[in-house]
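The structure appears right after this line, and notes come after that.
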Amino acid sequence: MSESGVTNEVRIGIIGLGRQWTERYRSALVRPGGRARVVAVCDAVAHRAEAEADRIGCDAVEGLTLLIERPDVEVVFLLDPLWFGPWPLRVAIDRGKPVFSAAGHLATLDELSRLNQTSTNQPPLVMTELTGRFAPEMLRLRELLATELGPARRVLVKGLVDGSNASSTDVNRSSLADAAIGLIDRCRALVQANPRDARLVRRSDRPDRRVRVVSIAFSGGATARLSLVSGTSDSEGATEGVRLRLETERGRAWIDRSGRLQWSLGKDLVREPIPGGSATSLLIDHVLRRVRGEQSLVPDLNELRDLERSSRVFEW
């Protein structure tokens with residue numbers, strides 16, 4: 001509460017109370033002193049919405065449109081698309097409500113492509129879940145690049161995604177495309193430039209394992225090699241996650257398998273624990289900043305579309 005007695009809380013409506021909500025978003029959105037206030041929740045399972053509303057002290061709403069149209073909902077968080085998919089995006093945009101979508105980058109863009117974009121109005125405020133740029137190790141790396149290490153010249157990044165559906169259909173291809181978008185976004189955040197040229201240099205498809213290796217040149221002269229593996233594990237036994245190495249103007253840095261950040265200026269090697277903090281909490285903070293018209297690292301739709309176009313080189 002400010003001195004004038006006017007709160008700066010951003011009032012949020014939540015759609016979908018599944019794993020995304022319980023495992024990641026609830027603790028980040030419902031905390032004392034936070035900038036967010038959940039005022040309404042909606043779920044396909046009515047008693048789950050009622051139980052959650054009682055738990056956090058808000059209203060349970062029995063319809064997506066009713067939640068979106070509430071005058072006290074400033075931004076809609078679409079966390080679990082359930083049977084209705086990203087359709088609430090259209091409803092929110094029609095009502096002029098900002099939306100944060102965790103339904104997947106590709107699904108969000110596909111839904112937006114169905115809208116009539118011939119309007120002369122400003123593009124809708126639609127944000128997606130690109131948490132990589134908010135990860136504590138990424139923020140520390142960016143700090144080192146700006147101070148000790150100098151600009152990134154070459155980035156090597158490897159993404160490992162759940163391979164339980166490695167041979168399945170469009171659903172899995174969509175998740176792999178989303179993972180590719182996330183890898184490109186990490187690289188772009190580190191080199192601080194846009195992809196200029198990208199090519200697929202390796203492709204492998206087996207029933208239990210898919211591999212894509214892509215080379216990217218950025219407008220500032222930096223390059224990146226991105227490996228994306230879908231399978232139960234990689235050759236070194238690692239499971240889901242992202243590994244990253246970079247060569248810079250004055251040194252090098254990497255994240256080792258134990259999750260530590262290491263960097264070097266010549267012979268001296270510095271080992272650092274990954275800084276504490278939640279990428280989801282920081283992402284939410286920047287979403288709320290964007291809703292308030294403040295400076296924010298959350299990508300806009302133009303950025304997301306650029307990332308999606310670059311990700312097509314993976315050819316899933």
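Starting from 1, each residue takes its place in the sequence as its number. All values derive from a computational prediction rather than experimental measurement.
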Could you grab the distance from atom CD1 of I184 to atom CZ of R309, nearest 0.5 Å is fine?
-> 12.0 Å
Reported OG1-to-CG distance for the pair T248 and L265, which is rounded to 0.5 angstrom = 7.0 Å
From R37 atom CZ to I12 atom CD1, the distance as rounded to the nearest 0.5 Å | 10.0 Å
Would you please test R312 and E308 for salt bridge (charged side-chain N to carboxylate O under 4.0 Å, His left out) and show each step?
-> CA-CA 7 Å; R312 295 174 193 172; E308 189 277 326; 2.7 Å; yes
Salt bridge present between R11 and E74 (N-O < 4.0 angstrom) = yes
Counterpart residues, side chain to side chain contact (heavy atoms under 4.5 Å, CB included), relative to D197 (two or more places apart) | A217
Nearest-0.5 Å distance, CG of residue L29 to CD1 of residue I14 = 5.0 Å
Check: A40 main-chain N/O paired with D59 side-chain donor or acceptor under 3.5 Å | no
Is there any salt bridge (Lys or Arg N to Asp or Glu O under 4.0 Å) pair reaching into residues 16-32, and which pairs are they, with sequence neighbours excluded?
-> R19-E23, R24-E129, R26-E52
Value for OG (S311) from CD1 (I181), rounded to nearest 0.5 Å, stands at 4.0 Å
Does the R243 side chain pair with the main chain of I255, one donor and one acceptor, at a distance under 3.5 Å?
-> no
Donor-acceptor under 3.5 Å (Q20 side chain, L17 main chain) | no
Taking R142 for its side chain and E137 for its backbone only, find out whether a donor-acceptor pair lies under 3.5 Å.
-> no
A179: side chain to side chain contact (heavy atoms under 4.5 Å, CB included) partners, not counting sequence neighbours = V161, L228
Any ring-ring contact (aromatic ring centres under 6.0 Å, His included) involving residues 261-305? Give me the pairs, sequence neighbours left out, ordered by first then second residue.
-> F134-H286
L244 versus L190: any side-chain heavy-atom pair under 4.5 Å?
-> yes
Have T108 and T128 got a donor and an acceptor in their side chains that come within less than 3.5 Å?
-> no
Hey, is the main chain of A46 close enough, under 3.5 Å, to the side chain of D43 for a donor-acceptor pair?
-> no
Electrostatic pair E272-R140, nearest N-O below 4.0 angstrom = yes
Could you tabulate the donor-acceptor pairs under 3.5 Å formed by side-chain atoms of residues 90-100, not counting sequence neighbours?
{"unit_1": "R90", "atom_1": "NE", "unit_2": "E111", "atom_2": "OE2", "d": "2.3"}
{"unit_1": "R90", "atom_1": "NH2", "unit_2": "E111", "atom_2": "OE2", "d": "2.9"}
{"unit_1": "R95", "atom_1": "NE", "unit_2": "E69", "atom_2": "OE2", "d": "3.0"}
{"unit_1": "R95", "atom_1": "NH2", "unit_2": "E69", "atom_2": "OE2", "d": "2.9"}
{"unit_1": "K97", "atom_1": "NZ", "unit_2": "I68", "atom_2": "O", "d": "2.5"}
{"unit_1": "K97", "atom_1": "NZ", "unit_2": "R70", "atom_2": "O", "d": "2.9"}
{"unit_1": "K97", "atom_1": "NZ", "unit_2": "V73", "atom_2": "O", "d": "2.9"}

Look at atom CZ of R250 and say whether more than 12 heavy atoms of other residues, nucleotides or ligands are closer to it than 6.0 Å.
-> yes
For L156, what residues pass the side chain to side chain contact (heavy atoms under 4.5 Å, CB included) criterion, not counting sequence neighbours?
-> R154, R225, R245
Using a strict cut-off of less than 4.0 Å between a Lys/Arg side-chain nitrogen and an Asp/Glu carboxylate oxygen, indicate whether D205 and R212 qualify as a salt bridge.
-> yes
What's the spacing between S278 OG and D285 CG if we round to 0.5 Å?
-> 11.0 Å
Would you mind checking if E9 and R35 are paired as a salt bridge, meaning a charged N to carboxylate O distance below 4.0 Å?
-> no
